[in-house]
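Note: hydrogens, waters and symmetry copies are ignored here, and every other heavy atom, side chains too, is used.
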Amino acid sequence: MTPTLEVRNLVKEYPGVKALKGVDFDVRAGEVHCLLGPNGAGKSTLIKCVSGVVEPTAGQILLHGEPLPVGDPAASLRRGVATIYQELDLVEELTVAQSVFLAHEPRRGPLLDLERMRRDTAALLRRLGHERIDPRTKIARLRPAARQVVSIARALSHDVRLLIMDEPSAVLDDGEIETLFEVVRRLIADGVAVVYISHRLDEIRRIGDRVTVLSDGRTAATGLPADTPTDRLVELMVGRAVERLYADRPGNVGDVVLDVRELRRMPEVRGVTLQVRAGEIVGLGGLVGSGRTELLRAIYGLETPDAGEVRVDGKLLPPGRSNRAIAAGLGLAPEDRKSQGLLLEWSLTKNVSLADLARFQRGVLNVRAERAAAREHLRRLQTVPDDGERVVRELSGGNQQKVVLARWLLHHCRVLLLDEPTRGVDVATKAELYRVIADLAANGVAILVVSSDNGELVGMCNRILVMREGSVVFEVEGERATERELLHHAVAPVETADLIEEVR
């Protein structure tokens, strides 16, 4: 049987860069073909070529055995190729129905046929098993899992035969991921071919049929079974075996540096008390929406708490004053590094020195000293490239995260708040970031880290706190923690089955 999609010896060259150097793989109707590879391997370029956003330099893209128009997204969509990107392009002020039919709205004469839009949207949502999502609801009111479902419904409104999903689980918790998988299973049962891109190897085994691994713009292996051992997949991705994923837990824990007492920011944060000591890594687990990110923002002063206090080295911080928090030695690597942690069009040097410009000013800015200091810390973190004049937007996700960390290394932070620090990066880069975080703790930095990956918390933290509905409900030593136990406390007393069903 002819595959739904065939990619043959695909090459894409940019000035000075060869992003794809000969990629081959195929996808069959009714299967989930997973695409793996380290940051910079060419995954994004490949899917842009298939979806028509980018025109390849050489090679073939065949859909049902016929050449797919290159460099023409509208033509690809008409042929049944739809792509859901990691950063969903939904307009928050539009309704679900308006989002599903955006740019191809049904009309009754010169007017939009709103009733038909709602009716057809409801039918698509029923097909996906999510009829409880109201077509009249605004996107801004939906949880991330429901937004993913709306994006899939929008793709299906075009009679899609090939669906490409780029890191679809990046902002979902465990229950929402299972909801997403149920949707994918419905699609492949209808004969849709799915390309599923993820850095999470456990997801590959749960949802995938076959796996293709890209490395340095080439196909390292294709058609592998989804249960291929982790060590083998990692070796194919990075060209070598990653001997240890997690660094040793910090052992030399000192005095309390960060002291949070009864901090409230209603309704997300409901009276949280915690302490982090010098040289200690404390993890914050829980589901998306449990208040973890809001807690970090309140500690850092980006949000003004309703009550409670934050002390660093015993000194009380004024609430809602992030500039005073920075001066006291706090640093924050936010969840969305691109929109909240970096100035993408600025150079690496400017992003690293952002919190310490006064250090390099004596009437005028000492550019040479600024560049030297930035490069020292970029090299310490093994940032690629470490050229301070490069624009941050050009770096991979993992290296962008290192730029954020380099900023706080330069600032000599006493406390570092990390919100999902390894989201969207490959296994080898995760191992590097774990080493960096452990080294910071070994040098006496107190670290509070939020992660939706319970395995990550178990592997790297001295202590783990679990939040639920704005409160800390459980604490355990990292060495004694299990992923199952953390998930249990994150979802209780809500029944897991109810959690999986509820996506709004």
Given side-chain contact (heavy atoms from CB on, under 4.5 Å), test Val23 with Thr45 step by step and report yes or no. CA-CA 11 Å; Val23 172; Thr45 302; over 6 Å; no

Does Thr212 form a side-chain contact (heavy atoms from CB on, under 4.5 Å) with Val195? I'd like the steps, not just the answer. CA-CA 10 Å; Thr212 289; Val195 176; over 6 Å; no

Would Ile177 and Arg200 count as a side-chain contact (heavy atoms from CB on, under 4.5 Å) if you check the C-alpha gap in whole Å, the side-chain angles of each, and the deciding distance to 0.1 Å? CA-CA 12 Å; Ile177 290 172; Arg200 298 180 177 181; 3.2 Å; yes

For Thr57 and Glu13, run side-chain hydrogen bond (donor to acceptor under 3.5 Å, both in side chains): C-alpha distance rounded to whole Å, both residues' side-chain angles, the deciding distance at 0.1 Å, then the answer. CA-CA 6 Å; Thr57 305; Glu13 296 179 351; 5.0 Å; no

Stepwise side-chain contact (heavy atoms from CB on, under 4.5 Å) test for Val392 and Leu343: CA-CA 7 Å; Val392 168; Leu343 295 167; over 6 Å; no

Distance-only donor-acceptor hits, side chain of residues 472-483, under 3.5 Å, sequence neighbours excluded:
from	atom 1	to	atom 2	distance (Å)
Glu475	OE2	Arg463	NH1	2.9
Thr482	OG1	Glu485	N	3.1

With a 3.5 Å cut-off and sequence neighbours excluded, list the donor-acceptor pairs that the side chains of residues 289-296 form with protein atoms.
from	atom 1	to	atom 2	distance (Å)
Ser290	OG	Leu287	O	2.8
Arg292	NH1	Gly286	O	3.1
Arg292	NH1	Ser451	O	3.0
Arg292	NH2	Ser452	OG	3.1
Thr293	OG1	Asp419	OD2	2.8

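For CG of Asn252, the number of neighbouring non-hydrogen atoms (other residues, nucleotides, ligands) closer than 6.0 Å is 12 at most.
Note: Ile84 CD1 to Ile197 CD1 = 11.5 Å, rounded to the nearest 0.5 Å. Ile207 CD1 to Asp202 CG: the interatomic distance, rounded to the nearest 0.5 Å, is 12.0 Å. Here Ile437 contributes atom CD1 and Thr422 contributes atom OG1; the two are 7.5 Å apart, rounded to the nearest 0.5 Å.
Of the possible donor and acceptor atoms, one in the side chain of Lys43 sits under 3.5 Å from a partner among the backbone N and O of Gly37. Side chain of Thr219 to main chain of Asp24: a donor-acceptor pair is present (N/O by atom type, distance under 3.5 Å, no hydrogens or angles). No donor-acceptor pair closer than 3.5 Å links the side chain of Asn454 to the backbone N or O of Arg484. Listed for the Ser215 side chain is no donor-acceptor partner under 3.5 Å among the backbone atoms of Ala220. Not a single donor-acceptor pair under 3.5 Å links the side chain of Glu280 to the backbone N or O of Val253. A donor-acceptor pair is defined here as one N or O able to donate and one able to accept, closer than 3.5 Å; no such pair exists between the side chain of Arg371 and the backbone of Thr349. Under a 3.5 Å cut-off, the side chain of Asp209 and the backbone N or O of Val32 do form a donor-acceptor pair. Judged by distance alone, the side chain of His33 and the main-chain N or O of Asp26 form a donor-acceptor pair under 3.5 Å. Looking only at distances, no side-chain donor or acceptor of Thr2 sits under 3.5 Å from a matching main-chain atom of His64. With hydrogens and angles ignored, the 3.5 Å screen pairs a side-chain donor or acceptor of Lys12 with a backbone N or O of Glu55.
A side-chain contact (heavy atoms from CB on, under 4.5 Å) with Leu46 is found for exactly one of Leu35, Ile164, Ile61, namely Leu35.
Residues satisfying the side-chain hydrogen bond (donor to acceptor under 3.5 Å, both in side chains) test with Arg79, not counting sequence neighbours, are none. Looking at residues two or more places apart in sequence or on another chain, you find no salt bridge (charged side-chain N to carboxylate O under 4.0 Å, His left out) involving Arg186. Looking at residues two or more places apart in sequence or on another chain, you find no salt bridge (charged side-chain N to carboxylate O under 4.0 Å, His left out) involving Arg205. Under the rule for a salt bridge (charged side-chain N to carboxylate O under 4.0 Å, His left out), the partners of Asp190 that lie at least two apart in sequence or sit in another chain are Arg127. Partners of Tyr196 under the ring pair (Phe, Tyr, Trp, His ring centres under 6.0 Å) rule, at least two apart in sequence or in another chain, do not exist in this structure. Residues satisfying the side-chain hydrogen bond (donor to acceptor under 3.5 Å, both in side chains) test with Asp216, not counting sequence neighbours, are Lys21. Applying the salt bridge (charged side-chain N to carboxylate O under 4.0 Å, His left out) rule to Glu31 yields the partners Arg210; only residues at least two apart in sequence or on another chain are considered.
Shortest non-hydrogen contact noted between Pro56 and Leu10 is CB-CD1, 3.7 Å.
Among residue pairs with one or both ends in residues 427-454, those qualifying as ring pair (Phe, Tyr, Trp, His ring centres under 6.0 Å) are Tyr246-Tyr434; sequence neighbours excluded. Pairs passing the salt bridge (charged side-chain N to carboxylate O under 4.0 Å, His left out) check and including a residue from residues 406-418, sequence neighbours excluded, read Asp313-Arg414. Screening residues 69-78 for salt bridge (charged side-chain N to carboxylate O under 4.0 Å, His left out), with sequence neighbours left out, gives no hits.
A salt bridge is defined here as a Lys NZ or Arg NE, NH1 or NH2 lying under 4.0 Å from an Asp or Glu carboxylate O, and Arg185 with Glu178 meets this definition.
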